[in-house]
Amino acid sequence: MNETEGRNARVYAVVQRIPRGRVLTYGQVAAAAGLGAMARQVGYALHALPDHSPVPWHRVVNARGEISRRSVPGAELEQRIRLELEGVKFDARGRVRREWLSMEKAR
DNA sequence: AGCGTGACGCAGG
DNA sequence: ACCTGCGCCACGC
């Protein structure tokens with residue numbers, strides 16, 4: 001178990017406890033996982049997830065509330081669909097409403 | 001070992 | 001609210 005694996009494990013642990021229908025930003029996950037301001041590492045950790053992982057990776061978006069561009073085209077669409085199935089609403093410009101950006105139930 | 005790249009974020013303008 | 005530059009740092013070549 002090297003440093004990177006341990007860090008990734010902490011990221012997954014945080015993402016695992018994001019409630020259904022709610023969303024966190026990469027930065028919020030980084031802070032909650034004890035990574036300080038290393039939001040970028042959260043992206044790497046999620047990128048490293050295998051297919052069919054139980055980790056709800058789709059509940060993580062960027063600081064502007066939008067789904068980040070992927071190297072694999074189409075992956076963004078899957079994330080959008082998963083979120084909408086959980087009741088998360090997007091505005092006309094593809095950004096999730098602020099009230100979903102938190103672990104809290106209400107705003 | 002060096003260098004470009006990227007599921008990011010923030011401060012400035 | 002948008003655009004740009006810069007800091008961050010693991011990975012792959």
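Chain naming here is simple, since letters A, B, ... match the order of the sequence lines and numbering starts at 1 in each.
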Has [X] got a side-chain atom pairing as donor or acceptor with [Y]'s backbone, closer than 3.5 angstrom?
X	Y	result
A:Arg22	A:Ser102	yes
A:Glu66	A:Arg95	no
A:Arg70	A:Ser68	yes

Item checked: Near-strand residues of residues 1-8 of chain A, defined as heavy-atom separation under 4.0 angstrom from DNA chain C ->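 The answer is A:Thr4, A:Arg7.
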Using whole Å, what does the distance between atom [atom2] of nucleotide [N] and atom [atom1] of [X] come to?
X	N	atom1	atom2	value
A:Glu66	B:dC8	CD	C1'	12 Å
A:Arg95	C:dC2	CZ	C1'	10 Å
A:Ile67	B:dA7	CD1	C1'	11 Å
A:Leu46	C:dC9	CG	P	18 Å
A:His47	C:dC9	NE2	C1'	15 Å

Check: Is the closest side-chain donor-acceptor distance between A:Glu5 and A:Asn8 under 3.5 Å?
Finding: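 Per modelled atom types, A:Glu5 and A:Asn8 side chains form no pair under 3.5 Å.
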Notebook entry, point to check: How far apart are the closest heavy atoms of A:Ala48 and A:Tyr12, and which atoms are they?
Noted result: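 Looking at all heavy atoms of both residues, the shortest contact is CB-OH, 4.0 Å.
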Note to self: Can you give me the closest heavy-atom contact between A:Val60 and A:Thr25, atom names plus distance?
What the structure shows: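 Between these two residues, the closest heavy atoms are CG1-C, 4.0 Å.
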Checklist line | Contacts of A:Arg69 that satisfy side chain to side chain contact (heavy atoms under 4.5 Å, CB included) - sequence neighbours left out | finding: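 Listed in chain order: A:Glu76.
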Next item on the list: Tell me, please, which residues at least two apart from A:Ala33 pass side chain to side chain contact (heavy atoms under 4.5 Å, CB included).
Entry: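 Expected list: A:Arg10, A:Val11, A:Val14, A:Leu35.
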Next item on the list: Could you tell me the separation between the CD atom of A:Glu99 and the CG atom of A:Leu101, rounded to the nearest 0.5 Å?
Entry: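 That separation rounds to 8.5 Å.
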Check: Should A:Thr25 be listed as having a side-chain N or O under 4.0 Å from OP1 or OP2 of B:dC8?
Finding: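 False: A:Thr25 side-chain N/O out of range (4.0 Å or more) of B:dC8 OP1/OP2.
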Check: Can you name the residues that form a side chain to side chain donor-acceptor pair (under 3.5 Å) with A:Arg97, not counting sequence neighbours?
Finding: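 So A:Arg97 forms no side chain to side chain donor-acceptor pair (under 3.5 Å) with any residue.
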Next item on the list: Check whether the side chain of A:Arg69 and the base of B:dA7 form a donor-acceptor pair under 3.5 Å.
Entry: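 A donor-acceptor contact between them is absent.
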Could you list, one pair per line, each protein nitrogen or oxygen that sits under 3.5 Å from a nitrogen or oxygen of nucleotides 10-13 of chain B, together with the distance?
none

Notebook entry, point to check: Can you tell which of B:dA7, B:dG9, C:dC2 lies closest to the side chain of A:Gln79?
Noted result: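 The answer is B:dA7.
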Below 3.5 Å is the cut-off: list the nitrogen or oxygen pairs between protein and nucleotides 3-8 of chain C, distance only.
none

Check: Is A:Pro19 close to A:Arg59 at the side-chain level, that is, under 4.5 Å between some pair of heavy atoms?
Finding: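 A:Arg59 vs A:Pro19: side chains apart.
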